[in-house]
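Hydrogens, waters and symmetry mates are skipped; everything else that's a heavy atom, side chains included, is used.
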Amino acid sequence: MDITFIIVIFLIGFVGSFVSGMLGIGGSIIKYPMLLYIPPLFGLVAFSAHEVSGISAVQVFFASIAGVWAYRKGGYLNKPLILYMGGAILAGSFVGSYGSQFLSESGVNVVYGILALIAAVMMFIPRKQIDDKPMKEVTFNKPLAAILAFIVGIGSGIVGAAGGFLLVPIMLVVLGIPTRMTIATSLAITFISSIGGTIGKLMTGQVEYYSAGIMIVASLLAAPLGAKVGEKMNTKILQSILAVLILATAIKIWVDLL
């Protein structure tokens, strides 16, 4: 592997993980298309959809750990929400990641495109202003949270994304969780989800270890930096950035598929 390959993969991991820590997502909403499309622009060998999903799954595991560690003292982690959604998404992600070996390359991309499109639509749905609500008064529908997390887990397990980019709009729009609590808590749930996804990808031989190792190093450096920036930014700006990223990714995936 030459230096160009190392630099390109490292930068993809760094950018994706910085955004991961800042917005409370695993970062695959960005890294998945970047890994697919950027290496060939530098004359490097293109990854297959299965390789990208495998690298993403492992990298998200480490990026979410680093992000949660940075948020641990902020008081934004909702433990009941982590328990209900984390357990459900872990089961779903294992099912999805193991089953992904039976899908074609285009099938994996279609699933990713559908997830990104759903997330993009949800981010633009108007919602009540709840960011000023005291953290101790935050409640949520527990059965609904678990069901939605299981469904997200299956889809995200297929593409190795851990589901953070879908968890955030679900928590904001459907469950009515304040933005900063959503960002911190979704990272914790994403970490739990990535356990099932990573195990499934490793068991089915879908991980390219050298590239995953480079991405992991980038994750451990960038995710905490992103978390620190996210804690200081206006919540409306954070939501807007996430909405634009998800929409742009959904458009790019579907343009290529169609």
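Screening I55, V52, L35, V58 against E208 for a side-chain contact (heavy atoms from CB on, under 4.5 Å) leaves a single residue, I55. Applying the side-chain contact (heavy atoms from CB on, under 4.5 Å) test between T190 and each of T185, L167, V168 identifies L167 as the sole match.
Closest of all the heavy-atom pairs between P39 and M34 is CD-O, 3.3 Å. Across every non-hydrogen atom of L77 and A188, the tightest pair is CD2-CB, 4.3 Å. Between V217 and F10, the shortest heavy-atom contact is CG1-CE1, 4.1 Å. Considering every non-hydrogen atom in both F5 and L44, the closest pair reads CA-CD1, 3.8 Å. Between M171 and S186, the closest heavy-atom pair is SD-CB, 3.9 Å. The minimum heavy-atom distance between I177 and T139, with the atom names listed, is CD1-O, 4.3 Å.
In this structure, Y84 places its OH atom where only 12 or fewer heavy-atom neighbours from other residues, nucleotides or ligands lie under 6.0 Å away. Under a cut-off of 6.0 angstrom, the local environment of CZ in F42 is sparse, with at most 12 non-hydrogen atoms contributed by other residues, nucleotides or ligands. Heavy atoms from other residues, nucleotides or ligands lying under 6.0 Å from OH of Y98 number 12 at most.
Distance check, rounded to the nearest 0.5 Å: CG of L225 to CG of L220 gives 11.5 Å. Atom CD1 of I12 and atom CD1 of I9 lie 4.5 Å apart (nearest 0.5 Å). Within the model, atoms OG1 of T182 and CG of N78 stand 9.0 Å from one another, a figure rounded to the nearest 0.5 Å. Rounded to the nearest 0.5 angstrom, I189 CD1 and I170 CD1 are separated by 10.0 Å. Here the NZ-CG distance, from K142 to L83, works out to 10.0 Å after rounding to the nearest 0.5 Å. Between atom CD1 of residue I154 and atom CD1 of residue I151 there is a gap of 7.0 Å, rounded to the nearest 0.5 Å.
Residues M203 and I192 share a hydrophobic cluster, clusters being chains of Ile/Leu/Val/Met/Phe/Trp/Tyr side chains in contact below 4.5 Å. Hydrophobic clustering (side-chain heavy atoms under 4.5 Å, transitive across Ile, Leu, Val, Met, Phe, Trp, Tyr) keeps I114 apart from V95. Cluster membership for I199 and L202, using ILVMFWY side-chain heavy atoms within less than 4.5 angstrom, is shared. A single hydrophobic cluster is seen to contain both Y37 and M215, as judged by linkage of ILVMFWY side chains at heavy-atom distances under 4.5 Å, directly or through other members. Residues I38 and V45 are members of separate hydrophobic clusters, defined by side-chain heavy-atom contacts under 4.5 angstrom among Ile, Leu, Val, Met, Phe, Trp and Tyr.
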Report task. For side-chain contact (heavy atoms from CB on, under 4.5 Å), just list the numbers for V174 and F140, CA-CA rounded to whole Å, side-chain angles, deciding distance to a tenth of an Å, and then say yes or no. Result -> CA-CA 9 Å; V174 181; F140 63 95; over 6 Å; no
Query raised in the report: Going through the checks in order, is the side-chain contact (heavy atoms from CB on, under 4.5 Å) test met by I214 and Y209?
Result: CA-CA 9 Å; I214 297 172; Y209 293 100; over 6 Å; no
Query raised in the report: Under the side-chain contact (heavy atoms from CB on, under 4.5 Å) criterion, do L175 and L81 qualify, and how do the steps go?
Result: CA-CA 10 Å; L175 300 178; L81 192 58; 4.2 Å; yes
Query raised in the report: Hey, mind stepping through E51 and V207 against side-chain contact (heavy atoms from CB on, under 4.5 Å) and telling me if it holds?
Result: CA-CA 6 Å; E51 287 174 333; V207 178; over 6 Å; no
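For S17 (side chain) and F14 (main-chain N/O), no donor-acceptor pair under 3.5 Å exists by modelled atom type.
Side chains of I89 and M85 form no contact here, defined as non-hydrogen atoms less than 4.5 Å apart.
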